[in-house]
Amino acid sequence: MSVSPPPSPTYPPAIEPAVAQIGDLLRGDYALSPRTIALLLLQDDPEIWEEVQLQESASTLERIRILREELEKGGETPLAWQIEHQRQQWSQQIAAQVTQATKPPRPQTLADWIGWLCMNPWTGFPILALVLYFGLYQFVGVFGAGTVVGLIEENLFGEYINPFVENLTRSVIPWQPIQELLVGEYGVWTLGVTYAIALILPIVTFFFLVFAILEDTGYLPRLAMLIDRAFKALGLNGRAVIPIVLGFGCDTMATVVTRVLETRRERIITTLLLTLTIPCSAQLGVVLALLSAYPLGLAIWAGVIALVFLLSGWLAAQILPGRATPFYMEIPPMRLPSMTNVLLKTLARLQWYFMEVLPLFLIASVLIWVGQLTGLFDLALRALTPLAQLLNLPDQSSVAFLFGFFRRDYGAAGLYDLHEKGLLTGNDMVITAVVLTLFVPCVAQFLITIKERGWKTALAMFAIAMTVAFGIGFVLSRLLNALGVQVG
Amino acid sequence: MRRQARAKPTVLIVGNPNVGKSVLFHKLTGRYVTVSNYPGTTVEVSRGLMRYRGHEFVIIDSPGMYSLAPITDEERVARRILLSDRPALVLHVIDAKNLARMLPLTAQLIETGAPVVVVLNMMDELERAGLSIQVDALEQQLGVPVLPTVCLSGQGVDAVKELIYERLAAPLADLPARD
C-alpha cells in the first residue's frame, strides 16, 4: 500500500517522546502494541498497570512512573485529557475531509418531530401517560394479564392439565408429604410450574413485546432524557429508566438488569426502589382487581406509592455516599421497528427468563413445603397477625400477606374472599393494596437480590421494605380515619 | 486435512453502543441475539459461528465501548476480550452519521496493532441526513479497509463476510499464495 498520512493521531510534542521511550522499555508479551500500552499507562489505567507490573522489572516500572509524573507536572491539563483532545481533533479533521453534504438537510421529518415531542417535558409526560395507559395497562394488564392468563391458567391448566397431573401423581406416588411437595396447594407443579408458565409467562411475554417495541422505535432513550433531571434528585440518572420500566413487567428481571448502571451506589438505589415501590405486572394485576371498584382508592394508592418512590429515592441518595454520575446517551433517530428484531428479542428475553427465573419459583415451592411441614409458616403467621391488627385489618389478612410473598394471586384471592364476606372495607382494601405493593414483590425477587447485591444488602432491603410497608400502612390507616375519608 | 487441526479464527465486533454491532453479529451468524438501541443491553457477550464458503469463523459481539480506557463495566469487558482472545480480525462498527465521534476509538484500535476493519454502518441514515462519505479517501487516511453497510437491511454484509474469508481463510486454504 502506498504511504498514507499517519493512520492514527500524533500526540502533542511533550507526549510523543514519552510514548516512544515507554514503548522501548517494555519487554513483556502483550496483546496490545507497546504504543497502546504506553498511552494507557500515561492515562494511569489500573488494569494495564497491574499487567505491566507482572511482566516488567522494578527499574523499568520506576522509570515509567517518573516519566509519567514529569509529564503530568509539566502539562496544564491531565494527560488523559490531552490525549483524548488530540484524538478528537484528529478525528474531526479526517471526518471533515471525507464527508460531503449531498443536499441541504431536509426539513425535519415526521420522525424527528415525534422524537422531539417525546423529549419535551410539556408533551413528553402526556405521551408517557399514553404509552403507560395503552402499552402497559390495556395491552399487558387488561389483555395479557386478564384475558390471556384467564384462558391459559383457568381453562387450560385449571381444568385440563392440573387435574390430570394431580391424579397421576396421587395414583403413582403413595406418600402424602411427597404428593404435597409435587401437587399440593403450593407444590412444585401446582405453584412453581403452573405459576411460572400459566401466569407469569403470558404476562412477561406481552410486557417484553411492548418493551422491545419501545426500545426499537427509539422511545426509551428519549424517555431516559426526559426523566434524567428528575432522577438526578434520586441519585440516579436517565440510565436507570431501563431497569425501572422493566420493573413494571418483572421486578426480578429488572433487578438483574441493574447491571447496566455504572456505580454500585446507583445499583443499590435502583434495587431498593424496585423492591419497595415498583409494582410488577402480577402486583399491578392484583391491585387493579382489588381497587377497580374504587376510583378514589386507586388514586390514593397511586399517590402514596409515587410519594414513597420519590421520598425513598431521595433519602437513599442522601444517605449513600457518592454522587450521581453524569449521563451520556446517544439518541438514535425514531424509526419503525423491524418486527423480526422485536420478536427475536422477545424470544431471547423469554429464554433468559426461563433459565433464570423458573428455577427460583421451583425453589419457592420447596421452601413453602418445608415451611408448612416444619410449622415455620404458623410461626410467621403468628408474627404477622399483630401487624395486621395494627392496621385495623382482620387476622386472616396476615395469611394473604405471607402467601402473597410466594404467590401474588393467592394473596389477592384471599383478600377478595375477605372483602366478599364483608370483613374488609374499602379503606382496608386501599391499605392492603399499599402494603402489598411496598412489600418485597416476591420470593424470586428476594433471591435474585441476594444473588446480585449480596446477603447483607438483600436482608437490609427486606427489613426496610417490611418496615416501610407496614409503617406506611399504619400511617395511612390513621390518616384516613382522622380525615374521615371513606373509600367506597 | 491440515485445516481441521487449526483453531477457528476469531473475529471480534467492537464499537460504540447503538451502532448496529448486534445486528451485524446476527446477520453474520444467523443466531439469536438481543439487539438494542440504547447502551447497555449487550452486557453479556454473545459468541456465534459464521459459516462461509465451507469455512467456520468464531464471531464475538462485544459490549459497547467509547474508548480503550474503560469507564464502565461494559467497556472493561470489551477490552478484556480484545486482550485475552487476541482476535485475528477486529471489526469496528461505526455510525456513518457520527463519523467524527466514532473515529477516536478507530484510532485507538489501530494503535493497538490489531488488524482492524472499519464497518461504516447506517449509510442509509447518512444519506437521509443529506451527507455522503468518500469511502476510498477514508480508507487512505486510516490505512485500513472500510466497508459501507446498512446492517439492518443486510446491505454490504456479504462484502464483510467476503473480507473475513479473504483475510482469514484464503491464506490458510490450499490455494496458491495471493500477492
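Below, chains carry the letters A, B, ... as their sequence lines are ordered, and counting in each starts from 1.
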Quiz item: Non-hydrogen atoms of chain B under 4.5 Å away: do they reach the side chain of A/Gln43, the backbone, both or neither?
Solution: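 Contact with chain B is through the side chain of A/Gln43 alone.
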Practice problem: Answer with side chain, backbone, both or neither: which region of A/Ile48 has an atom nearer than 4.5 Å to a non-hydrogen atom of chain B? | Solution: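 Its backbone and side chain both get close to chain B.
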Exercise. Between chain A and each of B/Thr112, B/Leu152, B/Leu138, B/Ile133, count heavy-atom pairs under 4.5 Å; write down the option with the most.
Key: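 Top count of heavy-atom pairs under 4.5 Å with chain A: B/Thr112.
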Most chain B-contacting option - heavy-atom pairs closer than 4.5 Å, from [options]:
options                             : answer
A/Ala80, A/Ala95, A/Ser33, A/Ser338 : A/Ser33
A/Gln86, A/Gln88, A/Gln97           : A/Gln97
A/Leu39, A/Thr99, A/Ile37           : A/Thr99

How about [X] and [Y]: do any of their side-chain heavy atoms sit closer than 4.5 Å?
X       : Y        : answer
B/His26 : A/Leu344 : yes
A/Arg87 : B/Glu111 : yes
A/Asp45 : B/Leu68  : no

Practice problem: Locate the shortest heavy-atom distance separating A/Thr36 from B/Gln108; write the atom from each residue and the value. | Solution: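 Scanning both residues, the minimum pair turns out to be OG1-O, 4.2 Å.
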Self-check item: B/Leu142 versus A/Trp90, closest heavy-atom pair with distance
Solution: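 Closest pair (atom of B/Leu142, atom of A/Trp90, distance): CD2-CH2, 3.7 Å.
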Quiz item: For atom CG of A/Leu54, is the number of surrounding heavy atoms from other residues, nucleotides or ligands below 6.0 Å larger than 12?
Solution: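 Yes, enclosed.
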Exercise. Please indicate whether A/Arg264 has more than 12 foreign heavy atoms, meaning atoms of other residues, nucleotides or ligands, lying under 6.0 Å from its CZ.
Key: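 Count not over threshold, so no.
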Quiz item: What part of B/Ala137 is in contact with chain A, defined as an atom under 4.5 angstrom from a non-hydrogen atom: side chain, backbone, both or neither?
Solution: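 Interface part for B/Ala137: both.
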